Amino acid sequence: MDRILIRGRNRLSGRVPISGAKNAALTLMPCAILTDEPLTLRNLPRLADVDGFGHLLNQLGASTAIEGTRPDEFGRVMTIRAGKVTSTEAPYDIVRKMRASILVLGPILAREGRARVSLPGGCAIGNRPIDLHLKALEALGAELEFTSGYVEARAPHGRLPGGRYTFPVVSVGATENALMAAATAGGSSCLDNAAREPEIVDLCRCLVAMGARIEGIGTERLEVEGVDRLHGATYAVMPDRIEAGSYACAAVIAGGDLTLAGADAAEMGATLAALRSMGAEVEEVPGGIRVAAEGRPKPLELSTAPYPGFATDMQAQFMAVLALADGTSVLTETIFENRYMHVPELARMGADVRVSGRTAVVRGVTGLTGAPVMATDLRASMSLILAGLAAEGETQVSRVYHLDRGYERLEEKLSAVGADIERASDG
Ligand code: UD1
């Protein structure tokens, strides 16, 4: 298995190209099931999860063709053609490895009038139920049955009628599933307390490009007028605001001056505000964002919240930076109940973090030391990479497959701006 080796304390400077957003890509790809015409997605990141989702679409009968971009370029163009859906089932083996697979439920049901999708089960960062996905689909008219770990959904007379649903808590995934299912419903639908994440806006824009009728894009009330059919489209995936935020954290923890090329400041308000509060210089520049920092960061109080609040996907990376802050920080995780799995690993590198329930108190230390570490999820792994960039000596991060799910060519991007980082393979 691969490991990443980092020898820390190099200053970082230069340009980091920001890839297409993983979390947008994984909700745009299932849109292809909604039409028998091709959907071409540009700026798709080269990630294990994107490949995995492509395989799932292949199992459902869609073809996926990757065009053109040279191996040394970032991003890809993929054309997905679901002329016919030959299977309406997402099997356990795929869903348990990639939770985003649940996002085929709404589209398959909308297209075929029935779908059978494995229930995903547990996850390293928390319980992560899918009850809201199912309740929203029921409100749109789906009939559900549960057998042998699967949910079987049916649309009466082959087509969902549409309906109204108010989410009791904001859910990104459930909003996505409901939106895709509502796009071709027989009537109109209204989703209240819907998620407003930029990835939801990206999904809405792609659906509109395919012929969907959606009002209220970017607000907590989405009104969808079902259309008889959607057509093909070409759509570019938005830049990855979490990847951009992670490299911004790299500039702060290692010290330096990075330009995040392609990042969109308009979608990163809470992250940029937190970077500024830590003392970083943050400015919009043509085509991206520049982040510069020297010395120890200032401590912070941060609480994760749905967009436009501070993203749960940035919590672990900020904790790594705050481990070196000049004072005590308090982080509160409100989205997931078990998202502090990086804390014991950061502690092995010298961080002083006390967790009590959903709150973590981070007492800044003057230095971290390299160590062999591993993490159980994607963003936690990135927090260890960040700690390694600032630590004295060598850090070895194992279980690199987590990083490969969400960071396109991480070690290439970081070494190009001055980090001493490489991938080692045990064969
Ligand atoms: C969540 C994050 C998203 C992040 C992703 C991966 C939020 C609001 N969502 O999206 O930013 O990119 O994780 O880290 O920050 N819930 C239920 N029942 C459901 C679905 C969700 O109770 O059917 C709960 C979850 O347990 C969680 C909250 O709702 O406490 C938000 O979850 P949701 O937004 O659905 O999760 P993801 O779509 O995975």
Side-chain angles (χ1 to χ4, degrees), residues 25-42 44 49-68 76-95 97-98 100-120 133 137 140-145 147-148 150-162 176-187 189 203 206-214 224 226-235 237:
L26 298 183
T27 188
L28 296 174
M29 293 176 75
C31 289
I33 302 168
L34 290 166
T35 174
D36 57 4
E37 294 182 18
L39 175 66
T40 298
L41 296 174
R42 300 189 170 281
L44 260 195
D49 270 11
V50 168
D51 293 340
F53 213 103
H55 293 312
L56 171 59
L57 294 175
N58 295 150
Q59 289 220 354
L60 302 175
S63 68
T64 46
I66 293 168
E67 294 158 35
R76 289 188 296 194
V77 180
M78 183 186 279
T79 296
I80 309 166
R81 284 186 179 79
K84 274 208 171 72
V85 172
T86 53
S87 163
T88 54
E89 176 169 319
Y92 178 60
D93 248 12
I94 295 186
V95 180
K97 286 193 210 127
M98 187 176 50
S101 313
I102 188 74
L103 294 175
V104 297
L105 176 58
I108 301 175
L109 176 63
R111 172 87 178 263
E112 294 297 305
R114 65 197 164 89
R116 185 168 189 269
V117 174
S118 168
L119 299 168
H133 299 236
L137 292 176
L140 301 180
E143 291 161 1
L144 305 179
E145 252 182 70
T147 50
S148 327
Y150 279 74
V151 55
E152 286 190 28
R154 277 179 190 278
H157 316 296
R159 187 176 185 189
L160 291 173
E176 291 166 346
N177 238 332
L179 260 172
M180 291 186 280
T184 57
S189 300
L203 169 62
C206 180
L207 287 170
V208 167
M210 295 170 71
R213 293 172 60 186
I214 306 172
V224 186
V227 294
D228 287 341
R229 63 184 301 273
L230 293 178
H231 50 73
T234 296
Y235 191 80
V237 181

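Worth saying up front: this structure is predicted, and the values here are computed from it rather than measured.
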I102 and S118: which non-hydrogen atoms are nearest, and at how many Å?
CD1-O, 4.4 Å

Begin from the C-alpha positions of D228 and R159 and carry the test side-chain contact (heavy atoms from CB on, under 4.5 Å) through to its verdict.
CA-CA 10 Å; D228 287 341; R159 187 176 185 189; 3.2 Å; yes

Ignoring hydrogens, what is the shortest heavy-atom contact between A82 and A32? Give both atom names and the distance.
CB-O, 3.6 Å

For D51, which residues count as a side-chain contact (heavy atoms from CB on, under 4.5 Å) partner, sequence neighbours excluded?
R76

Pair M180, I33 - check side-chain contact (heavy atoms from CB on, under 4.5 Å), show working.
CA-CA 10 Å; M180 291 186 280; I33 302 168; over 6 Å; no

Please report the closest heavy-atom contact between L105 and A115, naming both atoms and the distance.
CD1-CB, 3.9 Å

So which heavy atom on Y150 is nearest to which on Y92, and how close?
OH-N, 2.9 Å

Is there a side-chain contact (heavy atoms from CB on, under 4.5 Å) between L207 and C31 once you walk through the steps?
CA-CA 7 Å; L207 287 170; C31 289; 3.8 Å; yes

If we check salt bridge (charged side-chain N to carboxylate O under 4.0 Å, His left out) with D36, which of these qualifies: R229, K84, R81?
R229

So do the side chains of E67 and T79 get within less than 4.5 Å of each other, counting heavy atoms only?
yes

Between Q59 and S87: side-chain donor-acceptor atoms closer than 3.5 Å
no

Could you pull out the closest heavy-atom pair between N177 and L137, with the gap in Å?
O-CD2, 4.1 Å

I'd like to know if the side chain of R111 reaches the main chain of T35, judged simply by a donor and an acceptor atom lying under 3.5 Å from each other, with no hydrogens or angles considered.
yes

CG of L56 to CG of D93: how many Å apart, nearest 0.5 Å?
12.0 Å

What distance do L60 atom CG and E89 atom CD have between them, rounded to the nearest 0.5 Å?
9.5 Å

Please test L39 against C206 for side-chain contact (heavy atoms from CB on, under 4.5 Å), starting from the C-alpha separation and ending with a verdict.
CA-CA 10 Å; L39 175 66; C206 180; 4.1 Å; yes

Output the distance between atom CD (E37) and atom CE (M210), rounded to the nearest 0.5 Å.
9.0 Å

So how far is it from L26 CG to L203 CG, rounded to the nearest 0.5 Å?
12.0 Å

Would you give the length of the straight line joining atom CD1 of I66 to atom CG of L44, rounded to the nearest 0.5 angstrom?
8.0 Å

Contact summary for M29 and V50, nearest pair of heavy atoms
CE-O, 3.6 Å

Output for pair (E143 CD, L160 CG), nearest 0.5 Å, gives 9.5 Å

